[in-house]
Amino acid sequence: MSLEIREILRIAEARLREAGCPDPKRDAEELMCHMMDFDRSRFFMKLGDVLSENGCENYFQLIDLRATRKPLQYIVGSQEFMGLNFKVDPSVLIPRQDTETLVEAALEHMKSGAPLGGWRVLDVGTGSGAIAVSICAKESAARAMASDISPEALGLAAANAAAAGVSSRVKFVLSDMFDGLGTGGRFHFVLSNPPYVKRQDLPFLQEEVSGHEPAIALDGGVDGLDFYRILARDAARRLKKRGRILLEIGFDQAEQVRELFEETGRYEEFAVKKDLAGHDRVFSALLKA
Ligand code: GLN
């Protein structure tokens with residue numbers, strides 16, 4: 001039995017809808033493009049083509065996998081972030097558009113002109129490397145140290161740095177938050193998208209997230225603030241004077257995170273930036289001189 005691609009897409013879409021996938025049409029199309037190595041423009045010219053039986057079988061294997069609610073990005077192995085292609089696998093959180101707000105805010109602060117020797121950036125809990133790698137790719141005067149507690153994540157992040165052509169400017173370090181940074185010196189910027197979901201909320205996230213993304217990258221403890229406490233306690237030791245910390249936060253965490261940093265007495269110029277959906281998403285503060 002041979003079917004036209006448009007017909008196969010219809011069947012796949014129905015199957016994914018039944019499995020509860022939030023965007024079944026897009027996923028069916030994306031997986032077809034992935035398997036056939038089509039880009040979007042070529043895809044629309046191929047809808048009338050007939051797929052071989054073998055092709056059909058391979059395609060429905062991908063659809064079956066997606067029907068388990070495994071994220072599309074883990075199946076195709078990549079996610080676009082800041083216009084760059086990042087490899088992803090289940091050892092890392094899939095980079096979110098929300099996090100581009102953090103990267104853009106940091107890049108904005110770098111526009112004023114780099115200090116002698118360039119900007120030094122620390123990305124704590126880098127995961128796929130999305131923050132450190134995209135900053136170095138967009139700002140040639142930036143060098144980054146990127147840490148993670150997961151060796152698997154660091155391997156992937158290093159591959160992403162190489163693909164973006166910034167390997168010589170990003171140093172990867174195996175470290176639990178600030179504990180393993182050694183003599184990394186001080187930085188102009190400390191950036192992080194730490195785990196910030198309240199532990200009891202984890203099971204209620206979308207199935208793709210709760211069932212497949214690494215809990216270690218999401219679980220912020222009972223009140224979701226565990227990692228902000230560590231950041232408020234330890235980041236000052238890694239920041240240069242008048243260095244800036246920028247952190248991704250949950251939509252309802254701005255007030256509490258600000259309090260944690262205010263309590264230390266070390267910071268000023270507190271600011272919160274919203275994401276494209278209008279939610280509070282990036283907290284920033286300046287280390288006093
Ligand atoms: N934005 C993620 C989510 O809720 C959480 C990311 C994080 O904990 N750093 O899907």
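Values below: all heavy atoms of this structure, side chains included; hydrogens, waters and symmetry mates excluded. Order of listing sets the numbers, starting from 1, for every ligand and every atom in it. Because the structure is predicted, anything quoted here is derived from the model rather than measured.
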field: Minimum side-chain heavy-atom gap P22-R69 below 4.5 Å
entry: yes
field: Nearest protein heavy atom with distance in Å, relative to atom 4 (O) of ligand 1
entry: V197 CG2, 4.0 Å
message: Which residue and atom name correspond to the protein heavy atom nearest atom 1 (N) of ligand 1, and how close is it?
response: Y196 OH, 3.2 Å
- prompt: Which ligand 1 atoms are under 4.0 Å away from a heavy-atom of P194?
  reply: 7 (C), 8 (O), 9 (N)
- prompt: Out of curiosity, is N193 lining ligand 1, as in a heavy atom under 4.0 Å away?
  reply: yes
statement: atom 3 (C) of ligand 1 sits nearest the protein heavy atom R96 NH2, 3.9 Å
query: How are the rings of F283 and F261 set relative to one another: parallel (under 30°), tilted (30 to 60°) or perpendicular (over 60°)?
result: tilted
task: Please determine which of L16, L9, I8 meets the side chain to side chain contact (heavy atoms under 4.5 Å, CB included) test together with I63.
output: L16
- prompt: Would you call R186 and K241 a side-chain contact if the rule is heavy atoms closer than 4.5 Å?
  reply: no
- request: Considering the heavy atoms of A217, write down every atom of ligand 1 situated less than 4.0 Å from one of them.
  value: 7 (C), 8 (O), 9 (N)
task: Give me the ring orientation class for W119 and H188: parallel if the planes are under 30° apart, tilted from 30 to 60°, perpendicular past 60°.
output: perpendicular
